[in-house]
Amino acid sequence: MAAIINGSECVACGACVDVCPEGAITCGDIAVVDAGKCVDCGACVDECPSSCISD
């Protein structure tokens with residue numbers, strides 16, 4: 001299952017984008033996960049400073 005981002009808590013800092021080994025996350029107003037690319041490694045969950053990502 002792909003990582004899930006709680007958009008109301010996302011501050012669009014881009015930390016998850018930088019740490020994702022698959023390039024599955026993009027960031028505009030909020031971060032967005034491409035479920036087809038996400039391998040559910042959890043790197044973004046650990047890196048997120050606002051704790052808005054769950055897996």
Side-chain angles (χ1 to χ4, degrees):
M1 179 195 250
I4 299 169
I5 298 176
N6 181 339
S8 65
E9 294 181 17
C10 179
V11 296
C13 68
C16 56
V17 175
D18 295 338
V19 73
C20 180
E22 300 300 319
I25 305 173
T26 56
C27 193
D29 292 335
I30 63 168
V32 177
V33 176
D34 179 337
K37 292 182 179 179
C38 179
V39 295
D40 198 28
C41 68
C44 58
V45 176
D46 295 335
E47 189 69 21
C48 181
S50 61
S51 300
C52 71
I53 308 174
S54 59
D55 56 355

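Just so it is clear, the model here is predicted, and its values are computed rather than measured.
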Query - Heavy-atom closest contact (Lys37 atom, Ala24 atom, distance) - result: CB-CB, 3.6 Å

**Report entry** Which atom of Cys44 lies closest to which atom of Cys16, heavy atoms considered
**Finding:** CB-CB, 3.7 Å

Requested in this report: Linking directly or through intermediates, with side-chain heavy atoms under 4.5 Å: list the remaining ILVMFWY members grouped with Val33, chain and number order.
Outcome: Ile5, Val17, Ile25, Val45, Ile53

Query raised in the report: When clusters are formed from ILVMFWY side-chain contacts under 4.5 Å, directly or step by step, what else is grouped with Val19?
Result: none

Query - Distance-minimising heavy-atom pair for Gly36 and Asp34 - result: N-OD1, 2.9 Å

Query - Pairwise side-chain contact, Cys41 with Pro21, heavy-atom cut-off 4.5 Å (strictly under) - result: yes

